[in-house]
Amino acid sequence: MKLFLSGNEAIAFGLIEAGARFIVGYPGTPSSEVIPTAMEIKKRFGIRGYFDWSVNEKVAFEEATAASYAQIGSAVVMKQVGLNVAMDPFMNTAMTGAPGGLVVVVADDPGPHSSQTEQDSRFLAFFAKIPVLEPSTPQEAYEFSKKALSLSRNFEIPVMIRSTTRVSHSREDIEVGDLADLQIEPHFVKDVDRFAATPHFRLILHKKLNEKIEKIKGLEWFSDFEEYFEGDVLIVTSGVSFAYLYDIVKDNNLENRIKLLRIKMPYPLDVEKLKKAIDKIGSKRIFVIEEGYPILEMQLKTKMPVIEGRLSGLVPNEGELTIDKIGEILSKAGILNQKSYDFVAPPFKRPSLCPGCGHRSAFFAIKQVFRNSAIYTGDIGCYTLGLNLGAVDTVHCMGASVSFAFGFDKVYSLFGKNDQIVVATIGDSTFFHSGIPALIDAVHNNSKLILVILDNTTVAMTGNQTTPANDHNQIGEETKPIEIEGVIKALGVDFLRIRDAYDMDGMIEDLKSAKDFVLNSKSPAVLIFRHPCVYSGEGLKSNVRFKDVYVDENLCTGCKVCVKQFECPSLIFDENKKKVFIDVATCIKCGQCVKSCPFDAIKVEQ
Amino acid sequence: MKLVILGVGGMGAISLSKIIAQMSIIKGLSVRSSEIHGMAKKGGLVEVQMKIGEGKSGVVLQKTADFVLVLDEAYLEYGEAFLKDKSFGLIALTGEDKRWVVENLGDVRFANALVLGKFVKQQDLFTKDDAIKVLKGFKTFEKNRIAFERGLV
Ligand code: SF4
Ligand code: SF4
């Protein structure tokens with residue numbers, strides 16, 4: 001069966017074909033397509049297995065570890081920052097091992113395109129002492145995933161697949177193998193010295209881990225290098241950089257200038273073997289070009305100080321190594337004559353919440369009440385774009401809106417500014433992911449922060465995945481919905497209001513009461529502003545839709561208040577007429593902008 | 001063949017790339033693509049670069065593409081920057097095309113098939129039948145066929 005698969009889809013096919021029957025994770029660009037694909041495969045091929053989202057990456061990692069303890073082939077999927085959340089079980093599972101096999105799929109985001117950090121997860125594999133495989137194309141993502149699970153099973157060690165945006169989000173025609181249900185039985189062999197090891201036994205586990213990694217280092221296929229072309233400049237490379245270099249050589253006929261030495265497993269690296277291979281080739285110049293941090297380079301540098309790469313200043317130390325960037329590096333080194341061309345950039349469009357998004361209305365209401373006097377702590381999701389409305393001052397990591405609000409409120413209250421309002425905004429899925437512990441702290445330790453939960457009942461940013469509040473999963477299987485308000489009440493929050501985010505007057509009223517409440521108390525106020533994402537199935541079906549929404553040119557004064565303060569991308573200022581008009585191609589006729597015009601120039605027709 | 005497809009979110013640039021990929025697979029040609037989408041879900045630029053029968057990565061550099069398919073006129077100039085030869089290979093969906101599709105077929109999304117028609121007409125790797133074979137797999141084959149044939153004219 002030949003399919004046109006993305007790198008992420010290919011990983012799901014590879015893992016399931018190799019026998020993985022437990023795959024969990026948390027959505028995050030560029031990793032989000034692996035789990036939905038696994039779920040679709042399950043449905044289509046009638047495969048028994050558990051493939052679904054977990055509440056966060058740490059929980060996912062632990063769930064998958066247990067499944068592998070029971071001898072079931074498992075995998076856990078996340079983006080690079082997700083691995084930070086899962087660090088604790090990640091380090092521990094490296095120690096105890098994964099008897100049924102555990103593949104850790106991590107998609108890095110060099111650039112970064114949609115992340116807070118630009119880290120290289122291969123370093124974390126190095127840190128935990130687990131092998132990492134680095135595919136360069138979707139085809140390899142498929143093959144390496146199969147190899148990763150078998151390596152993991154054979155050595156009972158977690159194995160990382162490190163992808164990057166350009167591998168995860170590329171597509172290729174791939175011949176996939178047969179997928180069938182497996183007769184397998186879970187079989188957990190109790191061994192407290194291993195699975196419940198006390199510190200003394202951890203030392204023994206560490207020793208065993210060191211022995212495993214030493215054996216894997218020299219393993220056939222994994223430690224083999226691939227050689228391409230016959231030039232006198234040697235480039236040691238891996239991952240997507242290899243695919244780019246290969247194309248550069250072919251497109252520019254550099255077969256006699258460059259020789260590529262491609263590495264599949266950047267850790268553990270058999271440096272001795274690599275050095276021997278390089279010495280045998282006998283090139284005068286040796287470069288290391290890899291996406292991310294200099295992990296190959298640092299390992300190799302100890303034995304071959306002459307190599308050039310990031311550490312020698314040849315390769316930049318931040319940013320994505322795009323194909324043009326590599327071309328530039330080779331030109332700088334005098335190997336390629338890349339005509340430095342003027343890169344034409346696409347017309348710039350500031351990212352903005354979608355037209356009709358309920359979050360925008362919520363931010364508008366918040367700003368109406370608190371203006372510029374509050375401190376606004378934001379979080380990770382579509383609603384980070386509350387930035388555009390001046391309603392987000394900090395964005396850090398998942399759940400930090402609540403803990404940041406706590407920190408701000410505490411210091412301001414303690415040191416004489418008791419009336420400083422702090423407003424945290426967080427989405428529903430992020431609240432479940434890691435907002436809850438911070439709210440527990442706020443209730444218990446008397447913080448008077450205001451928390452606004454922007455609830456659109458989906459993980460919108462990464463492609464509308466389900467959340468714990470949904471009563472079904474992505475393939476329609478029943479799940480038990482967790483009610484956010486139930487959680488809030490159970491935590492002992494004294495002030496809770498729930499509103500539809502399209503009810504502007506109602507939200508403003510609630511926010512004013514919340515303000516009164518926190519100024520006279522020592523406990524947090526929580527507001528849930530709820531409206532389905534307009535691009536989710538439910539939103540598309542049932543969102544409010546007027547017959548028409550338009551700007552009355554006679555009333556519009558051209559003050560731009562709507563454009564600046566409400567910031568719907570469908571409101572467009574006509575520079576010639578000096579009036580605002582509504583772009584009918586993108587407007588969804590929700591009528592939410594009406595309240596933003598001080599001159600009542602925006603009209604709706606029922 | 002190097003190809004770039006530019007569209008805005010929701011316009012089906014990715015679906016169009018998948019149709020062309022399917023045509024390549026049927027012909028036994030290798031096919032690779034690389035997708036870039038910005039943070040803006042609706043209305044933001046969606047860029048698909050493709051290599052058919054060549055390469056290891058799906059990435060296409062500016063000034064190297066054989067064809068550029070532009071589904072939104074805002075990106076004409078940007079699209080042109082990808083062409084190897086500026087005088088040839090720019091295939092655009094015009095305002096008039098869009099209007100024709102909406103009036104005759106009722107949904108702007110069939111415009112993809114029209115652009116596919118324009119593309120098939122300009123090159124000689126794929127034939128009309130190659131495209132029809134893939135379009136047949138769609139529930140809305142008839143409307144897609146009408147739009148496709150309009151593009152061929
Ligand atoms: S706020 Fe009202 S008057 Fe001001 S530019 Fe917008 S539509 Fe015109
Ligand atoms: S009605 Fe107003 S707020 Fe709603 S999408 Fe149209 S312009 Fe934007």
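Per chain, numbering begins at 1; letters A, B, ... match sequence-line order.
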* To do: Can you tell which part of Lys2(B) gets under 4.5 Å to a heavy atom of chain A, answering side chain, backbone, both or neither?
  => side chain
* To do: Could you tell me which portion of Phe4(A) (side chain, backbone, both or neither) has an atom closer than 4.5 angstrom to a non-hydrogen atom of chain B?
  => both
* Report yes if the side chains of Arg32(B) and Gln139(A) come closer than 4.5 Å at any heavy-atom pair, otherwise no. => no
* **Nearest atoms (heavy-atom pairs only) where Pro347(A) meets Ala74(B)** => CG-O, 3.5 Å
* Structure fact -> Note: Val344(A) and Tyr78(B) closest approach over all heavy atoms is O-CE1, 3.1 Å
* Within-4.5 Å side-chain heavy-atom neighbours: Ile36(B) and Arg166(A) -> yes
* Asked: For the residue pair Ile25(B) and Leu3(A), what are the closest heavy atoms and their distance?
  -> CD1-C, 4.3 Å
* Asked: What distance do Lys2(A) atom NZ and Ile26(B) atom CD1 have between them, rounded to the nearest 0.5 Å?
  -> 12.0 Å
* Taking every non-hydrogen atom, the tightest pair across Pro346(A) and Leu45(B) -> CB-CD2, 3.5 Å
* May I ask you to check whether over 12 heavy atoms, not counting those of Glu175(A), lie within 6.0 Å of atom CD? => yes
* Asked: If you measure from OG1 on Thr165(A) to CD on Glu35(B), what distance do you get to the nearest 0.5 Å?
  -> 12.0 Å
* **Euclidean distance, Ile14(B) CD1 relative to Arg171(A) CZ, rounded to 0.5 Å** => 6.5 Å
* **Side-chain donor/acceptor of Asp247(A) to backbone N/O of Lys56(B), under 3.5 Å** => yes
* Against chain A, label Leu29(B) side chain, backbone, both or neither, depending on which of its atoms sit under 4.5 Å from a heavy atom there. => backbone
* Sub-4.5 Å side-chain heavy-atom contact between Ser57(B) and Thr137(A) -> no
* To do: May I ask you to name which of Glu77(B), Lys51(B), Glu54(B) has the most heavy-atom pairs under 4.5 Å with chain A?
  => Lys51(B)
* Asked: Counting heavy-atom pairs under 4.5 Å to chain A, which of Gly58(B), Ala81(B), Ser17(B), Ser30(B) comes out on top?
  -> Ser30(B)
